[in-house]
Every structure is written in structure tokens, then in C-alpha cells.
Protein chains: 2
Amino acid sequence: MSITGQSLIGAAGSNSSGAVFQAVDPSLGKAIAPDFHTADEGDIERACALAQAAFDTYRETSQEMRACFLEAIAQQILDLGDELITRAMAESGLPRARLEGERGRTVGQLRLFAAVLREGSWNDARIDPALPERQPLPRIDLRLRNIAIGPVAVFGASNFPLAFSVAGGDTAAALAAGCPVVVKAHPAHPGTSELVGHAVQRAVAACNFPEGVFSLLTGIGNELGVSLVQNQHIQAVGFTGSRQGGLALMKVAAARSQPIPVYAEMSSINPTYLLPAALATRAETIARNFVDSVTMGAGQFCTNPGLVLGLAGADFEHFAQLAGKELTQRGAATMLAAGIHAAYQRGVATLAAQAGVRQLGQAAMADGCQAAPALFAASAATFLSNPVLNAEVFGPVSLLVACANEAELMQVTEHLEGQLTATLQMDEADKPLVRRLLPLLERKVGRILANGFPTGVEVSHAMVHGGPFPATSDSRSTSVGSAAIYRFLRPVSYQNLAQDLLPEALQDANPLAIWQRRDGQLTR
Amino acid sequence: MSITGQSLIGAAGSNSSGAVFQAVDPSLGKAIAPDFHTADEGDIERACALAQAAFDTYRETSQEMRACFLEAIAQQILDLGDELITRAMAESGLPRARLEGERGRTVGQLRLFAAVLREGSWNDARIDPALPERQPLPRIDLRLRNIAIGPVAVFGASNFPLAFSVAGGDTAAALAAGCPVVVKAHPAHPGTSELVGHAVQRAVAACNFPEGVFSLLTGIGNELGVSLVQNQHIQAVGFTGSRQGGLALMKVAAARSQPIPVYAEMSSINPTYLLPAALATRAETIARNFVDSVTMGAGQFCTNPGLVLGLAGADFEHFAQLAGKELTQRGAATMLAAGIHAAYQRGVATLAAQAGVRQLGQAAMADGCQAAPALFAASAATFLSNPVLNAEVFGPVSLLVACANEAELMQVTEHLEGQLTATLQMDEADKPLVRRLLPLLERKVGRILANGFPTGVEVSHAMVHGGPFPATSDSRSTSVGSAAIYRFLRPVSYQNLAQDLLPEALQDANPLAIWQRRDGQLTR
């Protein structure tokens, strides 16, 4: 099925009555057919009501059935073939290799959650057997498992048209948990979204699941997202985007008559620490790899290294020169959309205009939607006194901040808002300083990495893509990796229920062969 | 040390400048010495700043040290001896046996968390080893553990002066997680609170922990609690109390420049289902046990069975007569405080005045702070059309609702707000109906129990004392049992860090001998 411009409400398409819009090829500045119809209130209500109607059936499908479903989605996405890649290239301006890689990541993510389901620890099965002889009172048999929280609203992100979008991380985690999903497609890539939406629809049908397990709402304007979060059937929200957008959804969710959790990943400047011993011996390598990281994907990563911290002196100044020179040689790159490009241009101009900020390098300017990478420097005193320098500028730009001494480095660290990541460029001799930094960094960020760059986010069991506010709305969670399934689960206890009334995860016979915690001890 | 009327700010007492108040003996209606001084803004700021200053040190104490600390608190509470029990009796009107039992529960709770710490699964240690040969990109070593979320504000509850108060469940869970705690004492039992506060202070000193690990703020008025939740150092809130109070704190927390999680346990009417086969054979036993549960502790339990559902007919009517007669024979009991008693009297009068509600029984009225148990009945149609009947009346009262048929029973269930518990009185022949009810109940409640009553809440691994809004503010969590530790933890990832920089929980040598998840598989 080709792209129709419709929202997908369960198994059907919808010719909505809302505003019409088109996708835009950012590298050409030209609209692409077909027209897309913004979902209206009726679409939203139908999608959410179908999700609610599907919920009790879907959440009690076996973990094996849901694992097969996730694998079917993965295969359906692969079966879309090159049409998906070429459409995503046109809508995002991202190159083929990046999108093919992102497709692999998306498929891998779905398969990871299939494995997580089969392993079964997500149930958190706990059994406290009866102790009829206990004094002064007997203990009654008590068992706990996790169940799905309810229908989930997922907002597609602009910067990952596949991996953080229609069948991206939040969708995979929510479907794995047993939650029906209503996706709001990002309007920058509606055609890509619809193609992936069809793939999910086909997997739902192939698995004979109720159609309400998945819907896709297309549209422009903020009202669609607000209405979706306000819908009474929605029980949790996954969002990746701007701080402004995330804060707005948090407010909407908190103002409901029944408030619901919002997992919003919002903004981060991802401090990179150039520690003295590493900088003394490897400044050139670090500078080159750093510029690679800043400019990768036109700097459009949540984990882009937007702040570099070090101790003032000849080595740091040398690094600044090297990085500035390296960056100046890099070409401009197409950004995802005209609005994002305009915000980047404004952000760079604002940085350049701040007192005490000097520009170290900028690649050649270019026309249209192209972002020229840029690098700035400031003293720690300037950084500490100017909140503008703490704000994320989304794109290929970074700020170098020289601290007078270790105490000032600590002070700047303490001053930072919550972040997704912190990166340490360090050698053996830097370990004492790293040991003093680590407790601060643990309080400030979700992931601490040594001698790498933050822009690679592995999809695995030990990944935290999250962090304290305002990096995310909820530091207790991750949006990447297998632990993300816990966002969409809640515990329920069963007291004194007969074996044949208990869910399989809690039966003594343990038919799922999963880990069960008996009297506090894991057994299988 | 005897009762001074001071707040406890770290290791010190504070002669605060705020309003002075006294505890009241509800059974006598008389004030009890000494005067208590309401903590002022300076006290709040000092307590929170001390907590923040203690945080990095305290959270990195070993799990063994924190386990010993919790055990020391338990012993210090026992060492308070009878002074604690007599003071709590005077301040709460609760009988000796109940308070001695509650002390045992409080001590047991602290010891349970000590065991949880030593077992170590709370770390959620995850290791994804490096895969240097992986194609197309190598995988870099990645590890995850949970760390403490930050200083926690705990609000003491009126109805459990020991087990949900100064050293109650939230405090034990937060201290176990590695979070310093600032408790706001409930003004109904300030002396009990101070005694327990001294016990915790002594344990902090005995363990050589920083004094900021624990503070206790005493006072009357809402401003104290609001200021505490607004304090920038506080990173999470535990609350047990009224819906009004919980909603107010949720709003305050959401309005902060950095919003924080609130775990508020608020209100629940705890539906009890009298299923046909059980009712036909055991109406008398169920009626007697039901009245025991409704009247236990003057009905002042979050899990009080305030709603009884069944199918209309002779058996249900028979049960209503039995329960009404049984209840009429029960005596009035002293409530915790004059305000709670007045609210109960208003609530019972409001129920009695509703159209379609008839009174089945009420024990003899009594003077002072004494609550006479009461029982009402209404049709399902009345219940469905009148939201007043959905609201919790805190005290020894319950409402019987007869449903015309199974469909109406389902409709009433679907109509319910989120609840802490649902109880099934059932026999073998009721299982088909139970199977149809269970999916609805799982969506509505935190704990489902068969052939018991909800007022006993076991402190163990498989307990969920929680549930969907408005039973609590956050259905993803429990306030009782060992899983409560996860309220106060957040995950952090470490990428490519050297073994000697990693926390012990994540080292390959596994010096803590805890479960580690390697490549998704649990190992030890």
C-alpha cells in the first residue's frame, strides 16, 4: 500500500476533516506529494477508544505472542524495502547510509524487546508463600506481577524518523509491556510515518490482535497532541523533542482529572570533560573525534556534545585552536526542517552576541536548510553568570569553557542543569580528579562515559538514555534499551488466589519458566 | 531524652519561631504538655541543606552499612520502651495492643529493608560487556546501576503514628535507597514523632553518618509542608493522607521549576464482592468478619472496606440484615483526632441524606471523639448516578450496593475510581464470574484478594499497597513492602569506565556477590 495521506485508526484509514499539509524536502525546499489530512477530534477519540477496547485482550496475550508480534513488525518494516528509505531521505534530508543504519537500529530494538519478553524478568514475579503457623498472625499467600499501564500516546521525534518515531523505542517498549499505542506522527516525516504505520497494521492483522493495538494520527499544529494527552483512555505519554514541547505536555498531563505519567526527553548540552593528562597527550585525536561528534547528522542528536570543559592553560588553548581549525574544514549539512534550521541560525547568532563569548571557528555558510558547524569559547565566570550559555542549541555547535582551576570545574559542574550524558576524556593520571567528579556527575546525568563521545547510544540492557530534569521529565526511567519496558508497567498483588485463577507468571508450576522471587530470593 | 517540643534539624533541636501548639488526647479531649514549636522557613532550609550536604556521602555508604543503620533504628525504637507506647496511646486514642503491634510492624519493616539491601537486587546491576569484533560497529562496555534519587520529604500519617510516620515505610524505603529524609511530623502525634525522631538521630550518630541524613520538622498549618515540597534540595515526596492534601502536594511539586515525583496515597473505598456461591453458604461468617474489618481501629485504615457489591436477591438481603444487626452490637470507638471525628460525622450524615440510600444499622452514638459504626445500602442505579457515594468516608462505615445482574456488577466495577484493593468472597462455583471480573479489577486496583478482608496489609516482598489514581498519585509504585525501595532510585549508566572507577555493584569481580544481569541474563 502506498502513501495515502490518511491517519490510521485501527485497521482503517481516515479522511480527516482537519487542516491539510504536505511534507517538505529540506534539501530542495520543495513540498512532496501527497496531501496529508490532520486528524480531527473524532479520529483521536476513535483511536483511543479502540486502544482501550483492545487493552484487556492485548495485555493478556502471552509474552511469546507479543514477542512474535514485535518480530513481525520488524520484518514488515524490512519488507517495505527501499521505498521507506527513499521517502525518509526526501522528508528528512538525512543520507541513505544513516537511514539504513537507523532502520537496522529500529529493527534491532524491536527484536531486543522480543528477547526481553521471552526472558520474563519484566513480570517482576514475586511469591510470598503462606505461613499458616506464623505467630502472632498467620501469613496469607501473596503474589505480585507487573501488568501493562494502559493505552500509551507516543510522539514521533523529528530527528529519528525511524528509531524514535512510529515503531521506535517508546512504541516497542509500550507494545512489549502490553500497552496499545496511539502514535502522533511528526509532521516533518508524515510519509515515512505512514509507511511504518502500515507495517505495524499488517503485523497486528497477521497476529490476529485487536485492531486497536495500534493507531497513527497525522497532523500539524499543537492541538492534536494536546487532545491526545487529554484523552481519558491514555494512561502514559512518551515524547522526544524540545523542552518547550515537553513542558507543555507535562502541564496538560498534570491538569487532567486523572493525572498520568509523561516520559519527555527534552534537552541536554552533554558536557565533555577534557582532563589534563588526556589533553596533554592526545589533543589532536580528541579534537578530530570531538568535531566528528559535534557535526554528526548535522548535530541533530539529543546527545550532541554542546559543552566542553577543561582547565585553562596552554593545552586547553591548543585544543581550542585544533578544534576550531578542524571544524572550519567541515562542510555544511542539511537540517531536518526549515523550522529547525531557522532555530539553529538564531541560536548561533545569539551565542555569538553574548558578552565574553568568542567564536573559534565556523564552516562556510550555505543556502537553504544547511547548517554550518560553529564553535565558541567562554570563561567559566562568563558561563556561570549567563543562563543563555546553559541552553541547548539544536545543531552542530559547541561551547568551550575554560575553568581557572579544579574548584571552578566543580563549580561549573554543580551549576549545570540535568543532562543525558557526561563524557570524560581521561588518562590514568586523571583518575584522582575523575573520582572527585563522579559523585557530582551521577547526580547530574543519566550516562557517564570515558574516552568516547556521547553521540552513539547503544540499544542494550545497560543503557540509560535519560537523566535529571530538564534532560527528561522523569529521571527514574530510560527511553533507550530494555529497561524502557518498565515505563509502561505497574505492579498488582494477588492475595490468596487459587492457582487456576493466578496469571501464569505467578503459578507455582512456573509454566513460563521465568525467574520468580520467592520470599525475596530469585528462583527458577 | 524526653520530649522537648522542638524540631530536630540534623543532630540538633530547634527552638523555632513559628506558631505553638499542643497534642490533644482524643479520648479525653484534653491538651497534653509540652508546647511544640512550628518549624519556620529557616528550619526547613537548614534541614534540606543538611540533607543535600549529606547526600553524596550517605548514598555511597555500603549496602551493609545502611542495613546496619536500619537495624540500629529498629533497636533504638524498641529501646524507647513503654514511654513511646503510652505517649502514642495518649496522642492517638489507639489501644495499647494495636500500638505494640504497630511498633512490631515498624521494626519489622526496617529489618525487611535491611535484608533487601544485603540481597542487592535493588542495584539492578546490568553489564553489557564490550564486543570489540562486532560488525558494523564494535560495542563498548556499558553498565547500569540504580542510585538514590536525592533528599526525600516524608509526611507522617495520622492513622499510623509509628508504621507510616517518622520511621515508617517511606522513611525506611528512602533511607534504604540512600536518600536523606526530612520528615514532616503529623501534628496529631508530635510527641510520638519526636521520640522516634530521637531514636533515628541516635542511630545516625551511632553509625557515624552525616547528621543531615535525617531531620524532623514539627508544626501545624499547611505552609510547612508546602515549603518543604518547594525546597530545591527535595527530590521526591512520600505522603499518606487525604485526597485534598495529596492533590495539593502534587500541584506544588508539578509547579516547581524542577518538578519532582510525589508518591501520595490518598483515598480508596476498597470494594468487596460477595459472590453468589460464597454468599449462599457463608453469609453469617462473612457478615461477622466484614463488620470486624469495617470497625477495626475505628475504621481508620486506608484499606477499610467502604463498599460491598453483590447480586440483588434474598441472599444479599439476608447478608445486609446480618451485617446491620452485627454492626449495631459493636461499640463506638475513639477516633484519632477531633477533626477526623467531625469529618466522619459529616460524612455519615451526608450518606444518610442521599436519595435512595437507606441505613441498615448504626451502633449507639457516643460523646466526644467517638465514632459509631454505620452501614448503608443503595441500588446500583443509585450508586451509578450519585458521585457522593463514590467518595471515601474515613471511619467505620460501609455502603452495600445490590446489582440487578452480572452486567450491572461489571458496570459498577467499571464505574469505580482507582482503588487500593478489591476483595472477592468466593467459592469454587464463583470462579467463572471471578475470571470475568479479574481483568477489570486489575485495571482498577493495586491488590486483589480472595476470602479475606483488605484491612491486613502484610509487609513483604509481594505486597502492593498502591493503585490507580486517585487511590494514589502514581500507580507504578507501592508504599508498603520491599518493592517500595524503587520509588527512591534512578538508573545511571557507566560506559567504558575502568574497573577501579566503577561502583562495586558493577565490577566484574562482583565483590558484593549480588545478582548481575550480563547481556540480559541474571548471573551471580
Side-chain angles (χ1 to χ4, degrees), chain A residues 56 60 115-116 119 121 126-128 139-140 142-144 147 149-150 250 254 258-259 261 431 434-435 438-439 442-443 445-452 458 460-464 466 469 473-476 478 482-483 489-498 500-501 515 517 519-522, chain B residues 56 60 115-116 119 121 126-128 139-140 142-144 147 149-150 250 254 258-259 261 431 434-435 438-439 442-443 445-452 458 460-464 466 469 473-476 478 482-483 489-498 500-501 515 517 519-522:
Chain A
D56 279 347
E60 287 307 309
V116 166
E119 193 272 340
S121 290
R126 295 166 177 240
I127 300 176
D128 296 332
R139 186 172 80 177
I140 300 167
L142 192 68
R143 296 165 193 242
L144 176 154
I147 70 167
I149 199 166
M250 288 171 72
Q258 178 223 4
K431 279 184 176 172
V434 167
R435 287 203 173 85
L438 277 173
E442 287 174 335
R443 270 197 276 115
V445 316
R447 176 166 56 111
I448 298 167
L449 56 150
N451 296 327
E458 184 73 32
S460 66
H461 301 283
M463 175 54 68
V464 175
F469 184 90
S473 56
D474 191 336
S475 71
R476 296 164 293 177
T478 175
S482 64
L489 295 168
R490 48 171 277 261
V492 176
S493 274
Y494 303 83
Q495 182 175 314
N496 198 32
L497 255 71
D500 60 349
L501 291 174
W515 288 99
R517 190 173 288 279
D519 263 332
Q521 299 302 317
L522 285 170
Chain B
D56 280 345
E60 286 308 312
V116 166
E119 193 271 343
S121 290
R126 295 166 177 240
I127 300 175
D128 296 332
R139 186 171 80 177
I140 299 167
L142 192 68
R143 296 166 192 243
L144 176 154
I147 70 169
I149 200 168
M250 288 171 72
Q258 180 224 1
K431 279 185 176 172
V434 167
R435 288 203 173 85
L438 277 173
E442 287 174 335
R443 269 196 277 115
V445 316
R447 176 166 57 112
I448 299 166
L449 56 149
N451 296 328
E458 183 73 32
S460 65
H461 301 283
M463 175 53 68
V464 175
F469 185 90
S473 56
D474 191 335
S475 71
R476 296 164 293 177
T478 174
S482 64
L489 294 169
R490 49 172 277 261
V492 175
S493 275
Y494 303 82
Q495 183 175 313
N496 198 31
L497 254 71
D500 61 348
L501 290 174
W515 288 98
R517 190 172 288 279
D519 263 331
Q521 299 302 318
L522 285 171

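Here is the naming used below: chain letters follow the sequence lines, and residue numbers restart at 1 for every chain. All figures in this text were calculated on a predicted structure; none of them were measured in a lab.
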Which atoms of [X] come close to chain B, meaning under 4.5 Å heavy atom to heavy atom: side chain ones, backbone ones, both, or neither?
X        : result
A:Ile149 : side chain
A:Asp474 : side chain
A:Ala483 : both
A:Val445 : backbone
A:Glu442 : both
A:Asn451 : both
A:Ile147 : side chain
A:Arg143 : backbone
A:Val434 : side chain

For B:Asn496 and A:Leu449, indicate whether the former's side chain and the latter's backbone hold a donor-acceptor pair under 3.5 Å.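 A pair under 3.5 Å: no.
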
For A:Ser493 and B:Val464, indicate whether the former's side chain and the latter's backbone hold a donor-acceptor pair under 3.5 Å.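 The answer is yes, because a donor-acceptor pair under 3.5 Å joins these two groups.
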
Looking at A:Gln521, A:Arg139, A:Met250, which makes the most heavy-atom pairs under 4.5 Å with chain B?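 The option with the most such pairs is A:Arg139.
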
Just give me the residue among A:Pro261, A:Ser460, A:Ser475 that pairs up with chain B most often, heavy atom to heavy atom, under 4.5 Å.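 Among A:Pro261, A:Ser460, A:Ser475, the one with the most close pairs to chain B is A:Ser475.
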
Under 4.5 Å from any heavy atom of chain A, what part of B:Gln258 do you find: side chain, backbone, both or neither?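 Both backbone and side chain.
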
Worked verdict on B:Leu501 versus A:Lys431 for side-chain contact (heavy atoms from CB on, under 4.5 Å): CA-CA 8 Å; B:Leu501 290 174; A:Lys431 279 184 176 172; 4.2 Å; yes

Residue, of B:Arg435, B:Glu119, B:Arg443, that accumulates the most heavy atom pairs under 4.5 Å with chain A: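 Greatest number of close heavy-atom pairs with chain A: B:Arg443.
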
Contact leader toward chain A among B:Asp500, B:Leu497, B:Asp519, where contacts are heavy-atom pairs under 4.5 Å: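 Among the listed options, the one with the most contacts to chain A is B:Asp500.
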
Is any side-chain heavy atom of B:Met463 less than 4.5 Å from a side-chain heavy atom of A:Leu144?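 Heavy-atom side-chain distance check fails, nothing below 4.5 Å.
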
Using a 4.5 Å cut-off on heavy atoms from C-beta on, say whether the side chain of B:Arg476 contacts that of A:Arg476.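 Yes, their side chains come closer than 4.5 Å.
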
Using every non-hydrogen atom in the two residues, find where B:Ala462 and A:Ile127 come nearest and quote the distance to one decimal.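 Reported closest heavy-atom pair: CB-N, 4.5 Å.
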
